[in-house]
Amino acid sequence: SVGKNRIYLLVMTRGSKGGKPGLRWREQKFSAKILRAKLYSGNFKDTGIPSTRHTITAVENVIKEVSPDLIFTHFPDDTHQDHRATAQGTISATRYIRNVLFYEVPTTVNFAPANVFTDIGIFMEKKLRLLKAHKSQVHATRIAGLSILEAAESTATFRGYQNRTRYAEAFVPLRLNLEIF
């Protein structure tokens, strides 16, 4: 958990196409432990998340159980088919949720956050620690000499510059409810 917020993670696949599923799931559980988050599995086959009601229902079931105030999901324009299908299923599943934000990952394309940022300066070390928890994926960027840690820090620095802070994460809102009064 972060501060008083509870974190729930829905991981849609075990990642068998990008590594050993048992190892990747153990890494995910370790990462969830660091976050003090409750972990859910969508139990879909890697690279096989369908753009069907089944995906929407998987997301809806977790929403019904945890009643979230804010949901983060992949940006819909992504080169990875599972990220696209997850985003589309989440858009439908969150039709009654007031706060839904899209985030970027290395496979995201055409991401233009405009002006929704959060300063992650005090969390950057923890973010890198969380990424390191996924040891089997740290060097799986398919770019020689570039680790996921370097990519994450570069992105956070760039988004930080846009936000006028050292490190930031950026979001594109599907819906963002600001309670001003």
Between [X] and [Y], what is the shortest heavy-atom contact and its length?
X   : Y   : answer
A32 : L39 : CB-CB, 4.2 Å
P76 : A87 : CA-CB, 3.6 Å
I97 : P68 : CD1-O, 4.4 Å

So do [Y] and [X] actually touch side chain to side chain, heavy atoms under 4.5 Å?
X    : Y    : value
I63  : I71  : yes
R24  : R14  : no
K135 : L23  : no
S136 : K20  : no
L149 : K132 : yes
T94  : L174 : yes
H83  : I49  : no
V66  : Y40  : yes

Assess whether a salt bridge exists between E169 and K127, defined as any Lys/Arg side-chain N lying under 4.0 Å from an Asp/Glu carboxylate O.
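Yes, this pair counts.
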Salt-bridge present (E65, K38; N to O < 4.0 Å):
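Answer for the salt bridge query: yes.
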Cluster check [X], [Y]: I/L/V/M/F/W/Y, side chain < 4.5 angstrom:
X    : Y    : answer
Y8   : F72  : no
V172 : L101 : no
V59  : F102 : yes
L176 : F171 : yes
L130 : L10  : no

About how many Å separate [atom2] of [Y] and [atom1] of [X], when rounded to the nearest 0.5 Å?
X    : Y    : atom1 : atom2 : answer
K126 : I120 : NZ    : CD1   : 12.5 Å
T90  : Q88  : OG1   : CD    : 9.0 Å
K17  : D82  : NZ    : CG    : 10.5 Å
E150 : T157 : CD    : OG1   : 12.0 Å
K29  : W25  : NZ    : CH2   : 8.0 Å
S31  : H134 : OG    : NE2   : 3.5 Å

Would I56 and S92 count as a side chain to side chain contact (heavy atoms under 4.5 Å, CB included) here? Give the steps.
CA-CA 6 Å; I56 297 165; S92 294; 3.6 Å; yes
With side chain to side chain contact (heavy atoms under 4.5 Å, CB included) as the test, would you mind laying out the steps for V105 and F75 before giving the verdict?
CA-CA 8 Å; V105 296; F75 187 66; over 6 Å; no
Please work out whether the ring planes of H74 and Y103 are parallel, tilted or perpendicular, with thresholds of 30° and 60°.
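H74 and Y103: tilted rings.
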Would R26 count as a cation-pi partner of F30, with NZ or CZ less than 6.0 Å from the six-membered ring centre and within 45° of the ring normal?
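No cation-pi geometry.
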Show your reasoning for whether side chain to side chain contact (heavy atoms under 4.5 Å, CB included) applies to I122 and Y167.
CA-CA 9 Å; I122 63 171; Y167 297 112; over 6 Å; no
Test side chain to side chain contact (heavy atoms under 4.5 Å, CB included) on H139 and I148 and set out the steps.
CA-CA 6 Å; H139 295 286; I148 197 70; over 6 Å; no
Does either side chain, that of Q81 or that of R84, offer a donor lying less than 3.5 Å from an acceptor on the other one?
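R84 and Q81 do not have a side-chain donor-acceptor pair below 3.5 Å.
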Could you tell me if N177 and N99 have a donor-acceptor pair between their side chains, going purely by distance under 3.5 Å?
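No, N177 and N99 have no side-chain donor paired with an acceptor closer than 3.5 Å.
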Take T155 and E104, measure what side chain to side chain donor-acceptor pair (under 3.5 Å) needs, and give me the verdict at the end.
CA-CA 9 Å; T155 301; E104 67 182 323; 5.7 Å; no
Please list all pairs passing the salt bridge (Lys or Arg N to Asp or Glu O under 4.0 Å) test where one or both residues lie in residues 51-60, with sequence neighbours left out.
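Checked against salt bridge (Lys or Arg N to Asp or Glu O under 4.0 Å) - neighbours excluded - the pairs reaching residues 51-60 are R53-E60, E60-R95.
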Less than 6.0 angstrom separating the ring centers of F44 and H54, yes or no?
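When the ring centroids of F44 and H54 are compared, they turn out to be within the sub-6.0 Å range.
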